[in-house]
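The structure under discussion appears below in the form of structure tokens.
Being a predicted model, the structure only gives us computed values, none of them experimental.
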Amino acid sequence: MKIPKKFIIAFSLLALSMLDHGVTSAEQFVRVFAGPAWTRSTDVEHNFGSFGIFTAEDIDFRTGPAVGWGLGHWFQSFPY
């Protein structure tokens with residue numbers, strides 16, 4: 001199983017942020033979000049190499065669900 005680099009970097013930064021003993025635990029947070037995802041109609045173009053270029057115009061997409069979560073940490077040295 002290959003672990004993505006983005007996950008390793010995010011986990012490392014979160015772990016390093018917990019090493020600061022002057023930070024209270026109230027500055028760590030978890031957020032969860034859910035809601036609709038609206039997308040605009042668009043043109044789709046794909047190059048199939050020697051077969052040519054495929055183009056579809058004004059492709060409409062349906063509204064779908066968007067859900068996610070995130071971990072964060074507020075640093076005292078960078079208040080904004």
Side-chain angles (χ1 to χ4, degrees):
M1 181 172 110
K2 186 175 180 180
I3 300 173
K5 285 184 181 179
K6 290 181 182 180
F7 178 78
I8 294 172
I9 292 170
F11 183 78
S12 299
L13 290 174
L14 183 64
L16 287 173
S17 71
M18 292 180 188
L19 294 177
D20 185 7
H21 298 290
V23 177
T24 62
S25 62
E27 294 183 11
Q28 305 284 342
F29 65 91
V30 176
R31 64 179 178 178
V32 178
F33 59 89
W38 291 283
T39 55
R40 298 184 209 164
S41 62
T42 187
D43 296 340
V44 177
E45 185 175 295
H46 185 76
N47 186 354
F48 286 100
S50 62
F51 293 107
I53 297 174
F54 170 79
T55 303
E57 296 179 355
D58 295 327
I59 302 295
D60 288 324
F61 298 100
R62 295 182 187 172
T63 299
V67 294
W69 63 278
L71 301 173
H73 176 81
W74 291 104
F75 294 95
Q76 291 179 350
S77 60
F78 188 68
Y80 303 107

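Thr55 pairs by the side-chain contact (heavy atoms from CB on, under 4.5 Å) definition with Glu45, Ile53, Glu57, not counting sequence neighbours. With sequence neighbours left out, the ring-ring contact (aromatic ring centres under 6.0 Å, His included) criterion links Phe51 to no other residue. Contacts of Phe33 classified as side-chain contact (heavy atoms from CB on, under 4.5 Å), with partners at least two apart in sequence or in another chain: none. Scanning for side-chain contact (heavy atoms from CB on, under 4.5 Å) contacts around Thr63 gives Pro36, Trp38, with sequence neighbours left out.
Around atom CZ of Phe7, no more than 12 heavy atoms belonging to other residues, nucleotides or ligands sit under 6.0 Å away.
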